[in-house]
Amino acid sequence: MSYLKRPFCSSTLRFCNKLTRMAQPPWAMPPGTTHQPQLKIYNSLTRSKVPFVPIQEGHISWYACGPTVYDDSHLGHARNYVTTDIIRRILRDYFGFKIRFVMNTTDIDDKIILRARQRHLYDEYKKNHRYIDEQVRQDARQAWHYYIQKNLKRIGSKELVIPETFDGFIEHLYGDVLAGGSLEPGTKPGDKEAKIKMHINTARNAAKALMQDPKLLTPHEFYNRVSDPMCLVLDEQFGKTIRGDDYAVFTKLTKEYEARFFQDMHDLNVMDPDDLVRVTEHGKEIAEFVKKIVDNKMGYRTSEGSVYFDIKAFEAAGYPYARLEPWNKNDKELQADGEGALSQKDATVKRSEADFALWKASKPGEPSWESEWGPGRPGWHIECSAMASGKLGKQMDIHSGGIDLAFPHHDNELAQSEAFWANHGQWVNYFLHMGHLSIQGSKMSKSLKNFTTIREALHVRKDWTSRSLRIVFLLGSWRDGIEITDDMVIEGRNWEDRVDNFFLNAIDAIKDTKPSDDQRAGLEDAVQDAEEKVRTALLDSFNTPVAMNTISQLINTYNNSAKNSELTPADHRRVGLFVTRLVNIFGLNGSEPADTDQVGWKGIEIPDAAKEFVYPLAKIRDELRQAAIAKTITADKVQEIVSTSPTGLEDSPSVGRPRPSYARALSEFSRDALQTASSPPTTESSLDLNKQILALCDRVRDIDLWQLDIFLEDRENAPALVRPVTEGLKAARREKEDKARQKEEAKRQREREAQEKLQKAKVSPTEMFRPPHSLDYSAWDGDGVPTAAKDGAPLTASRVKRLKKEWEAQRKVHEKYLATVPLPNGSGSPSAAR
């Protein structure tokens, strides 16, 4: 049957028969009978769409790689976790699966160790140097020099670079990269170039602090600007002094950013995991996991106490390695990135260069846990294998993460887990990799610092809302990369605005449309067609772009039918519920349930505090406006309309308690209408009053209420819709204002050009090449055409020929000008005499 509930009828029965073998929604089926035989998912393991067959029918076990918590999450993280949340909701709320969703937070790895250690040492330094004295400035200057020598290799060690000359050096040495070029000619710029730009910006900010008058910067500002160079040097000098069992140095950072991560996720309406696992809480289990791999002869201990995975032994046992991205199997750069910045640099300790660390012997300044191999810490990849296996066992349905984790992280996870669960078959059945978000061709990255944080985007710059960002992701394929462009933003905004308007109109129509016995539901077939298209799309590896487009098409059909008054109350409600339930499933309406019976989503109603005043204001305005349009307004009519509604004024306002802005808008509109109507009569006073009332109605709509984030949308033969000002409405107004400005500027430009032409036309051709109009010549013929340059040299014949053409053109425009100028006695135009 159709996945949305509605009254049973013969056409629905036909539709049911057509879809008998299709999967049904959770609210239409007995518990435990969920089955989706037609659902296909793109699986990174096969690099193709394959039927989705869970291990246990109706249930899904799912492990997702969580964040590395050492900095604020950015929009690239939002892309991964919001998109994962969308798929999770579709599987749960549309297809009816019961899901166990496990996610980790990486709270110990090389990046965290470095960042936590640096932050701890820098905090200690600042505590001991509360004021920016000469010693601090000298330390910062030396750190700055070290930073640029280490990270900007084109600046040679012998070159004398000081903060005052830094910009000149950079423009000379890295101008090609800053202009969009690549470090290596003939290649496309990417992460390497983004990292160079990041280092340049960091060094430039620090240089400005070093050049600044110390009295003009607070210690906080100075320390912020020089933090990266100072942290780098402090860590290299003192990082090894931190004890391995001083876990508080590291967990202080990770606890803070884990809390901030989950606050960001709540702000984005991303559901919490069912189970959250942390590396630092599973040290013993991870060590035991590594031991089992060694016992299975697929891992080995090195002389310095690390344990590595033996890829050759794994393959010799009949297992394929790098199944997700075999083409990257020998990519040394990716392998090194997977091992981390603090990993063993001496490749001779490994049996094969591609072998990766399962357990790392801790060096001074790194956290450590006891193991049979000595003090150490987990490798990056092993943590997920151990914790996911501990929660979900020897096999799971889905493992997900960003596409950049496919190799080496997920390939190594897969290998070491199957080595642990030897002879138990495939560890993960479906790998889902979300496309990343990019800026100017480079993915968003904490290490590149080319990102906008989630909290900045939502709460500071307010470029996005939870809904608008999710809409953009829904409009694209979940596994494709997305680059934020103006067109993408506009497409998402238009979709949201379309649904906003639809819900407002549908809710209004449901309230106002009266049922008629002889009316047949007009949109039943359209809704059924949309339901089938959506189901087909979501069965096709969660094809949300098609589903979103189907919603838009159905809304267009609804709007066209509504214009012709062809719809019954059942039509309005049926379409309204279809769209509402889908946006709820996609997570666009907070935590509202998928099987709701309420039409609409959050954000289309004005605040409760406004309703008491704005609705009466809208009613007064509607009546005044309609009378003014009909040109029937009179002073008595205004008095009659205004007197029937509250004014918004309190009889005896409380002392010290300001009236709400909404109340003030109502009272001032009522007062202004009465004052306008009671003004002294003038010629054609009734016509003037109509215009004045209409202007007043426009003002309260476009200025007074707009400033209170409320918009009155005027409609023909119907009361104005009262709605909040959305980002789409703001954007539409900005575009309208921009067009008006452009039109006005074009008008002024035409006027300037016309004035310039007029001034030019006033000049007689006999004078146009003479001073003061031109200083380029020294001799002229009788008509005023130049014959010699200003140095006395005769002009060439070709030059004189060109000047005569200009002279002739000026003669024509001058004659036209003279023809428009009246004679002094007013008897007509002068002759065209020169």
Side-chain angles (χ1 to χ4, degrees), residues 2-6 15 19 22 25 82-83 85-87 89-91 93-95 269 465-478 488-510 521-563 567 570-590 592-604 723 726-728:
S2 162
Y3 104 94
L4 292 177
K5 291 194 284 188
R6 61 164 173 265
F15 192 57
L19 299 180
M22 272 197 174
V82 171
T83 303
D85 186 72
I86 290 168
I87 295 175
R89 288 172 183 271
I90 291 171
L91 286 169
D93 296 336
Y94 189 90
F95 290 123
N269 196 33
T465 64
S466 167
R467 180 180 291 162
S468 66
L469 196 60
R470 189 174 285 246
I471 286 170
V472 165
F473 298 155
L474 282 159
L475 289 170
S477 169
W478 59 270
M488 181 192 72
V489 173
I490 290 171
E491 183 183 4
R493 188 183 71 211
N494 289 343
W495 194 94
E496 184 174 6
D497 220 30
R498 186 179 303 117
V499 177
D500 264 340
N501 290 328
F502 162 72
F503 279 141
L504 284 163
N505 289 318
I507 292 170
D508 195 54
I510 290 170
L523 290 182
E524 188 171 318
D525 292 341
V527 174
Q528 289 177 355
D529 182 57
E531 289 171 351
E532 187 170 0
K533 286 180 179 177
V534 167
R535 177 165 292 283
T536 300
L538 298 184
L539 285 167
D540 183 22
S541 193
F542 320 114
N543 192 336
T544 58
V546 169
M548 296 285 277
N549 184 56
T550 300
I551 292 172
S552 291
Q553 290 176 345
L554 180 61
I555 288 174
N556 290 340
T557 302
Y558 169 86
N559 290 339
N560 291 333
S561 299
K563 284 179 184 177
L567 303 182
D571 282 318
H572 296 298
R573 183 165 178 77
R574 181 177 292 111
V575 180
L577 280 177
F578 172 79
V579 177
T580 301
R581 288 170 176 170
L582 275 182
V583 299
N584 287 4
I585 286 168
F586 292 157
L588 293 171
N589 194 23
E592 293 301 306
D595 57 345
T596 182
D597 286 322
Q598 298 296 317
V599 173
W601 62 11
K602 296 175 182 177
I604 56 173
R723 57 184 299 187
T726 62
E727 190 54 44

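Values reported hereafter were calculated over all heavy atoms of this structure, with side chains retained and with hydrogens, waters and symmetry mates removed.
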Quiz item: Can Phe95 and Leu539 be said to form a side-chain contact (heavy atoms from CB on, under 4.5 Å), step by step?
Solution: CA-CA 9 Å; Phe95 290 123; Leu539 285 167; 3.6 Å; yes

Quiz item: Which residue, Thr596, Asp597, Asp93, forms the side chain to side chain donor-acceptor pair (under 3.5 Å) with Arg581?
Solution: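 Of the listed options, the one satisfying the test is Asp597.
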
Atom pair [atom1] ([X]) and [atom2] ([Y]), whose distance is rounded to the nearest 0.5 Å:
X: Leu469; Y: Thr83; atom1: CG; atom2: OG1; result: 8.5 Å
X: Phe502; Y: Ile604; atom1: CZ; atom2: CD1; result: 10.0 Å
X: Glu491; Y: Glu496; atom1: CD; atom2: CD; result: 13.0 Å
X: Leu577; Y: Ile510; atom1: CG; atom2: CD1; result: 7.0 Å
X: Glu532; Y: Arg535; atom1: CD; atom2: CZ; result: 10.0 Å
X: Arg493; Y: Thr465; atom1: CZ; atom2: OG1; result: 12.5 Å

Quiz item: Is there a side-chain contact between Trp601 and Val579, using heavy atoms and a 4.5 Å cut-off?
Solution: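 Contact flag for Trp601/Val579 side chains = no.
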
Practice problem: Output all residues satisfying salt bridge (Lys or Arg N to Asp or Glu O under 4.0 Å) with Arg573, sequence neighbours left out; order by chain, then residue number. | Solution: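 Salt bridge (Lys or Arg N to Asp or Glu O under 4.0 Å) list for Arg573, sorted by chain: empty.
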
Self-check item: Partners passing salt bridge (Lys or Arg N to Asp or Glu O under 4.0 Å) against Asp500 (at least two apart in sequence or in another chain)
Solution: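 Counting only residues at least two positions away or on another chain, Asp500 forms no salt bridge (Lys or Arg N to Asp or Glu O under 4.0 Å).
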
Contacts of type side-chain hydrogen bond (donor to acceptor under 3.5 Å, both in side chains), residue [X], not counting sequence neighbours:
X: Asn501; result: Arg723
X: Arg470; result: Asp85
X: Ser552; result: Trp495, Arg498
X: Thr557; result: none

Which atom pair, heavy atoms only, marks the closest approach of [X] to [Y]?
X: Gly728; Y: Asp497; value: CA-OD1, 3.9 Å
X: Pro545; Y: Ser477; value: CG-N, 3.9 Å
X: Asn269; Y: Arg89; value: O-NH2, 2.9 Å
X: Phe503; Y: Val599; value: CD2-CG1, 4.0 Å
X: Ala537; Y: Ala547; value: CB-N, 4.1 Å
X: Ala509; Y: Tyr558; value: CB-OH, 4.1 Å

Practice problem: Determine, stepwise, if the pair Val489 / Val472 fulfils side-chain contact (heavy atoms from CB on, under 4.5 Å). | Solution: CA-CA 7 Å; Val489 173; Val472 165; 5.9 Å; no

Self-check item: Leu523 vs Ser561, side-chain contact (heavy atoms from CB on, under 4.5 Å): CA-CA, chis, key distance, verdict
Solution: CA-CA 8 Å; Leu523 290 182; Ser561 299; 3.7 Å; yes

Quiz item: Mind checking what makes side-chain contact (heavy atoms from CB on, under 4.5 Å) contact with Ile87, not counting sequence neighbours?
Solution: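 Per chain and number, Ile87 pairs via side-chain contact (heavy atoms from CB on, under 4.5 Å) with Trp62, Leu91, Leu432, Met434, Trp478, Phe542.
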
Quiz item: Who are the side-chain contact (heavy atoms from CB on, under 4.5 Å) partners of Gln553, not counting sequence neighbours?
Solution: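 Only Lys533, Asn549 meet the side-chain contact (heavy atoms from CB on, under 4.5 Å) criterion with Gln553.
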
Self-check item: Pairwise salt bridge (charged side-chain N to carboxylate O under 4.0 Å, His left out) hits with a residue in residues 536-556, at least two apart
Solution: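 Residue pairs with at least one partner in residues 536-556: Lys49-Asp540.
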
Identify each donor-acceptor pair in which a side-chain atom of residues 582-590 lies under 3.5 Å from a protein atom, sequence neighbours left out, and give them as a table.
| from | atom 1 | to | atom 2 | distance (Å) |
| --- | --- | --- | --- | --- |
| Asn584 | OD1 | Asn589 | ND2 | 3.0 |
| Asn584 | ND2 | Pro593 | O | 2.8 |
| Asn589 | OD1 | Lys602 | N | 2.8 |

Exercise. Could you tell me whether a side-chain N or O of Asn560 sits under 3.5 Å from a main-chain N or O of Asn556, the two making a donor and an acceptor?
Key: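 Yes: the side chain of Asn560 pairs with the backbone of Asn556.
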
Practice problem: Among Leu554, Thr550, Thr544, find the one that has a side chain to side chain contact (heavy atoms under 4.5 Å, CB included) with Val534. | Solution: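 Output: one option passes, namely Thr550.
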
